[in-house]
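Quick caveat: nothing in here was measured; it's all calculated off a predicted structure. This chain uses plain numbering: 1 for the first residue, then up along the sequence.
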Amino acid sequence: MKNIKILMIMGLLGLVTVAGSGCSKANAGTENSINSESTANKEDTLSESKGKDTKKPDLKKKEFKFGETIGTIGAIDLEADTSFPKAGFFKTNDFILGCEENKGELASCFYDQMCVKESDAQNVWNIEYSEDLDKIPSAMKGLDSIWDSYLNDGRMYNMHSEQKYEVIVDSTEKVSYGGRDFIREEGHIDITRKDPNYTYDPELVRTKYIAYYYFSPKGAGADKVDDMNGYGMGMAIWGVRPVDMSDEAEAKTMEENYEKLKKTAEASMDSFISLQEYWKLGK
C-alpha cells in the first residue's frame, strides 16, 4: 500500500510539473509576442519617422480615404488633406467635384485624371504623341473638348456660346513622387467675350488650375488589367470654380480657394504609391 501511495503522490507531482511547464511555455510565448509587438511598434515608429522625412506615405493604412489611380503608374489619396474641400469630393459621370458645404451650392473645385494612348492621340484627338515628359504638357492642352468640359459643367460654371477661353501657364517645375517624374504646372484660364460689344456675359471670368503631367507606360501596373486605368500621355488636374472677376468678393474667394486647393493637390501627390503597393492596401 505504501508503494501505491508513493506512486500516486509521484504521479500527482508529475502532473503539477507538466501543468506548470505548460503555463511557462504559454507565458514565454506571450512574452515573445509582446516583445515582438514592441519591437515591431518601434520599427514602425522609426519607419514612420523616416517616411515623414522623405515624404513617403504611411503604408500601414488599410485604405486611402478617397483612393484614385493615376494611369498604370500608381494611385493617390484625393482626400489626404481634408481641409479643402470640407465636404469632400464626389464622383460624377464626367469627373470628380468637390464641395465646401454640400448643401446644394455650386461645386468649389474639381479633379480629373486621364491618359491618352498613341492611337487615340493621332486618330481621335489629332495631337502629337510623345513619351518625352517635357512635350506632354503642350500635347495635353490640345484636348480641346476635355478643357471645354471643365468650363461647361453646370455644377461649377456654364460657358456660353458667345464666350471663348485661353489657357495661360503661370509656372512649371519638375517634381518626383514615389520614384516617378512629373511636371507640375500652375496656370489660369481666362474666359472672355468673343465680341466685346456683346455685354450680356461678364468681361472676364477666371479659374485657376494645378496639373501634374506624366507618362504612363503600357503594362506598368501590377497586372495586365491595370492597363484599363489608362496608359500613354497622362494628366492629373485640379481646378477651382470660375468666377466673374468684376465681383471683388467672388474673386477674393476664388484666390483663397485656389491657395487651399494647391495644398490639397500637393498632399494628394505626396500620398502617391505604385499600383503594386496600392492594391496591397486592400483596395
Side-chain angles (χ1 to χ4, degrees), residues 55 57 64-71 73-102 105-116 136-137 140-141 143 146-153 155-157 159 165 167-178 180-191 205-214 216 229-230 233-243 251 253-273:
K55 285 191 173 184
F64 284 5
K65 295 170 190 168
F66 198 122
E68 284 296 310
T69 57
I70 293 186
I73 60 174
I76 59 171
D77 183 359
L78 264 193
E79 294 185 359
D81 172 19
T82 55
S83 62
F84 181 83
K86 291 179 183 176
F89 287 96
F90 64 94
K91 290 187 177 183
T92 72
N93 290 333
D94 302 315
F95 41 90
I96 297 172
L97 295 174
C99 286
E100 272 291 80
E101 300 297 334
N102 204 19
E105 83 285 6
L106 291 176
S108 51
C109 61
F110 76 87
Y111 167 78
D112 194 18
Q113 182 277 145
M114 70 174 306
C115 295
V116 181
I136 290 176
M140 294 298 283
K141 288 188 186 66
L143 309 179
I146 297 298
W147 289 84
D148 291 350
S149 68
Y150 302 150
L151 309 173
N152 279 304
D153 191 299
R155 291 161 294 191
M156 285 191 65
Y157 183 75
M159 186 176 69
Y165 72 90
V167 179
I168 301 163
V169 177
D170 295 322
S171 66
T172 61
E173 64 174 329
K174 285 190 176 180
V175 293
S176 180
Y177 300 94
R180 293 284 182 173
D181 292 330
F182 296 81
I183 288 182
R184 181 181 186 276
E185 178 180 283
E186 287 190 48
H188 62 278
I189 305 174
D190 284 350
I191 306 168
V205 172
R206 177 171 290 168
T207 180
K208 292 192 169 187
Y209 70 89
I210 309 105
Y212 290 83
Y213 300 97
Y214 57 90
S216 179
N229 295 314
M233 300 186 297
M235 172 177 70
I237 181 171
W238 288 257
V240 289
R241 180 171 61 85
V243 298
T253 298
M254 187 272 286
E255 294 287 354
E256 291 172 348
N257 284 347
Y258 178 64
E259 291 303 315
K260 294 175 185 176
L261 186 65
K262 284 200 293 184
K263 294 178 182 177
T264 293
E266 182 64 21
S268 294
M269 291 304 294
D270 275 339
S271 70
F272 178 85
I273 55 175

Handout entry: Spacing of NZ belonging to K65 relative to CG belonging to D81, to within rounding of 0.5 Å
Key = 8.0 Å

Handout entry: Side-chain touch K141/V169, heavy atoms, less than 4.5 angstrom
Key = yes

Exercise for the section: Go through the side-chain N and O atoms of D148 and Y165 and say whether any donor and acceptor fall under 3.5 Å apart. Expected result: yes

Problem - Reported OH-to-CZ distance for the pair Y111 and F95, which is rounded to 0.5 angstrom - result: 13.0 Å

Practice task
Would you please indicate if the ring centroids of Y150 and F110 are separated by under 6.0 Å?
Solution key: yes

Problem - Test item: E68 side-chain N/O and I76 main-chain N/O as donor-acceptor pair under 3.5 Å - result: no

Problem - Stepwise side chain to side chain contact (heavy atoms under 4.5 Å, CB included) check, M114 with V116 - result: CA-CA 7 Å; M114 70 174 306; V116 181; 4.1 Å; yes

Practice task
Check whether any side-chain heavy atom of V175 sits under 4.5 Å from a side-chain heavy atom of E266, and report yes or no.
Solution key: no

Practice task
State the CD1-CE distance between I189 and M159, to the nearest 0.5 angstrom.
Solution key: 9.5 Å

Problem - Within-4.5 Å side-chain heavy-atom neighbours: L151 and I191 - result: yes

Handout entry: S176 side-chain N/O to D181 backbone N/O, donor-acceptor pair under 3.5 Å
Key = no

Handout entry: Y258: which of H188, E186, K208 passes side chain to side chain donor-acceptor pair (under 3.5 Å)
Key = E186

Practice task
Taking the side chain as every heavy atom from C-beta outward, state whether R241 and V243 have any pair of such atoms under 4.5 Å apart.
Solution key: yes

Completion exercise
Scanning both residues in full, the closest heavy-atom pair of E105 with C99 reads OE2-CB, 3.7 Å

Practice task
Would you check if the side chain of S108 reaches a backbone N or O of G98 as a donor-acceptor pair within less than 3.5 Å?
Solution key: yes

Handout entry: Under 3.5 Å side-chain donor-acceptor pair for E185 and Y209
Key = yes

Handout entry: Closest contact, heavy atoms only, S271 versus F64
Key = O-CZ, 3.6 Å

Problem - Least distance between heavy atoms, L97 atom then M156 atom - result: CD2-SD, 3.7 Å

Problem - Interatomic distance, D94 atom CG to S149 atom OG [nearest 0.5 angstrom] - result: 6.5 Å

Problem - Heavy-atom closest pair, residues I73 and F272 - result: O-CZ, 3.4 Å

Handout entry: Side-chain donor or acceptor of S216 paired with backbone N/O of I70 under 3.5 Å
Key = no

Practice task
Starting from the C-alpha separation in whole Å, work towards a yes-or-no answer on side-chain hydrogen bond (donor to acceptor under 3.5 Å, both in side chains) for Q113 and Y212.
Solution key: CA-CA 9 Å; Q113 182 277 145; Y212 290 83; over 6 Å; no

Exercise for the section: Would you please indicate if the ring centroids of F84 and W238 are separated by under 6.0 Å? Expected result: no

Exercise for the section: Locate the shortest heavy-atom distance separating F66 from E79; write the atom from each residue and the value. Expected result: CD1-OE2, 3.6 Å

Exercise for the section: Over all heavy atoms of both residues, which pair between K86 and E100 is shortest? Give the atoms and the distance, please. Expected result: N-OE1, 2.8 Å

Exercise for the section: Would you confirm whether E259, through its side chain, and E255, through its main-chain N or O, come within 3.5 Å as a donor-acceptor pair? Expected result: no

Exercise for the section: Determine whether I210 and R184 make a side-chain contact, defined as any pair of heavy atoms from C-beta on separated by less than 4.5 Å. Expected result: yes

Handout entry: Sidechain N-carboxylate O distance under 4.0 Å for D190, R206
Key = yes

Problem - Non-hydrogen side-chain atoms of Y213 and M140 separated by less than 4.5 Å - result: yes

Problem - Contact check, side chains of M254 and T207, non-hydrogen atoms, under 4.5 Å - result: no

Practice task
Output yes when a side-chain donor or acceptor of S268 lies under 3.5 Å from a complementary backbone atom of L78, and no otherwise.
Solution key: yes

Exercise for the section: Rounded to the nearest 0.5 Å, what's the gap from CG on D112 to CH2 on W147? Could you check? Expected result: 10.0 Å

